[in-house]
Amino acid sequence: MSDRDLLLPVASATSGGNDAVVAPHASALATLWHLLTGSKIAMVGAAIITFWTVAALLAPWIAPYPPNTLDPAGLIYPYPSAMHLLGVDHLGRDLLSRILWGARTVLTVAPLAVIGAAALGTLLGLFSGYRGGVIDAVIMRVGDVLLAFPKIILYLIIIARFGASALNIILVITFTAAPIVARIVRAVTLDVKNRDYVAAARMRGESPLYIMFFEILPNTRGPLIVDFFLRLGYTAVAIGVLGFLGIGLPPPDPDWGGMVKEAYGMIFVWPHMTLIPAAAISSLVIGFNFLAMGLKEAAQDG
Amino acid sequence: MLRYVGRQLLNMAITLFAVSFLVFMLNELTPGDVARKVLGPYALQDQVDQLTRQMGLDRPVYVRYIEYMGKALTGDFGESIVYRQPVAAVMWDRLRNTLLLATVSFAVIVPVSILFGVLAGMRERSRLDRAVNVFSSVCASIPEFAMGVFLLAVFVVWLKLLPGTAPLTSSGGWPIWSQFVLPVAVVTIYDAGYLISMVRQSMVDVMRQPYIRTAILKGMTFRQVVTRHAMRNALITPFTVILLQLNYLVSGLVVVETVFAYPGFGRMMLEAALAKDIAIVEAGTLIAVGVTMFTQLAGDLGYMALDPRIRV
């Protein structure tokens, strides 16, 4: 803890915030760059994510084969070779090409779903915790009903009813994750709203909106920043899980979870067909989580 | 306090009804499917229609819902079309298996998470904190199905030390306890990775508070500060999260159960939903929802008991 922290109100000291994060004049990109270069682990995470992002963007040009072309002859030697750098899958499809195209799927669906969930959840949690009363009861009740559903059942019902499209997966993840974000924000709000500096703001005559967004919201920044990037990771996992359970994006387009599922039965004979997509999704999620961890630390250091 | 509990229990009842009605509606919107599922793809449409009438599926949804709930309250959840048995029989069996796996996992996860979370968070940026942080982050990052196949490749395919499936029968030549090792390992690695980072973060926040500095300046040993002042406060925020893991451990085990062919509740729900076995899906959803709501109530009460500043 630096001496500077002791001079600040408890809220600023505990939120682990730094002026760079909220500085209104610095551009978001400049801030992010500043934070990134401040942490080794964030750099590692960013490198992994950059790698997969580039792979996803360039997949149509750098993939050596079309991702869905069957080649039974490839099964004569399915292991990594000069012809197929990562080998082929159980239908003889080039694994490297399918991994590259699979990156496109997850890197489109996951960020969209998480942004939706974070925005919706923060808004609901703030209002719920600060206002209390009927608003709180209604928001929390609706959230409870959504949270009360086992996620997988919600996925199944909706996917069985409306089909496994990318949009449906995004919507399902947004609505199942938003109540969780809301609970986190609400818990912090409840904890903070009885503190002296909030009472002081109220006595100064600040509006409820000002108090919510400028006195309380900064306290949620610590947990929320962590949650946002961790949630990107979780969402990538969720997409993989849906694929693994056979209710993800429909085949034949490559999706890492689905690739693990398809090759799983062959693990005793050709383990690489299962292990390579499993490693791909693991590395992507590790990238997200390292970035989350590092950014948080860098934000605290300033 | 009693009024609060009473109100929450009422809320639970209302939510359960809302959920059961929603699931019933969504599943029953296509009544023809049930009869078709029973008779198979080669049955004539006439036969399907006849069975639909026989099963009473042509009556209005609300009539059937009231009838269903009436029976459900007495423990009769109807007949499963996939397992060809009463739903209750299949479900309690599977639920018991899952609870067994969940209990063993939970008993490992909670102490491990609190221990490592507190150790890492009490001295932020120490070497121990770094190591725990990176390790738990990696653990929480690897999806269960990926960790499942990694462990399977090493311990089953390569070392041949453990069984690759956990059917809970000893017919495969492996003792039952050995079948638990890999599933519990996968659940623990994944979930503890997440919980450790929650506990650590909370601990870090608490250790930055002025009253901790006061306690240190007062001359207390670091150990006393951590155990008497910091831990109690640091465990408040993760408390809800820890309890919410119970939900994960009831319905979220579907992946682990699928990887290791474990006859549990989650896998039953997946199979039922894929096969449109509506009776099972409805009953299972009610059970899972009940567990969730109960956990949430327990979480709220515990939260209040731990933090006197929060009052209802």
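Quick note on labels: first sequence line is chain A, next is B, and so on, each numbered from 1. All figures in this text were calculated on a predicted structure; none of them were measured in a lab.
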Is [X] in contact with chain A via its backbone, its side chain, both, or neither, using a 4.5 Å heavy-atom distance?
X	answer
Y190(B)	side chain
V241(B)	neither
V259(B)	both

*What is the ring orientation for Y194(B) with Y234(A), classed by angle as parallel under 30°, tilted 30 to 60°, or perpendicular over 60°?*
perpendicular
Please round to the nearest 0.5 Å and tell me the distance separating atom [atom1] of [X] and atom [atom2] of [Y].
X	Y	atom1	atom2	value
S141(B)	M293(A)	OG	CE	9.0 Å
C139(B)	N289(A)	SG	CG	11.0 Å
I14(B)	R141(A)	CD1	CZ	8.0 Å

Non-hydrogen atoms of chain B under 4.5 Å away: do they reach the side chain of [X], the backbone, both or neither?
X	value
I41(A)	side chain
V241(A)	both
A137(A)	neither
I247(A)	side chain
Y264(A)	side chain

*Are there residues of residues 267-274 of chain A that reach to under 4.5 Å of chain B by heavy atoms, and which ones?*
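Checking residues 267-274 of chain A against chain B gives I267(A), F268(A), T274(A).
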_Surrounding OH of Y79(A) (heavy atoms of other residues, nucleotides or ligands, distance under 6.0 Å), is the total greater than 12?_
yes
*What heavy-atom pair brings F150(B) and S282(A) nearest, and what distance separates the two atoms?*
CE1-OG, 3.6 Å
*Report the C-alpha distance between F145(B) and L245(A) in whole Å, list the side-chain angles of each, state the deciding distance to 0.1 Å, and finish with yes or no for side-chain contact (heavy atoms from CB on, under 4.5 Å).*
CA-CA 9 Å; F145(B) 67 87; L245(A) 294 178; over 6 Å; no
*Give the intermediate values and the outcome of side-chain contact (heavy atoms from CB on, under 4.5 Å) for residues I142(B) and V285(A).*
CA-CA 7 Å; I142(B) 300 176; V285(A) 182; over 6 Å; no
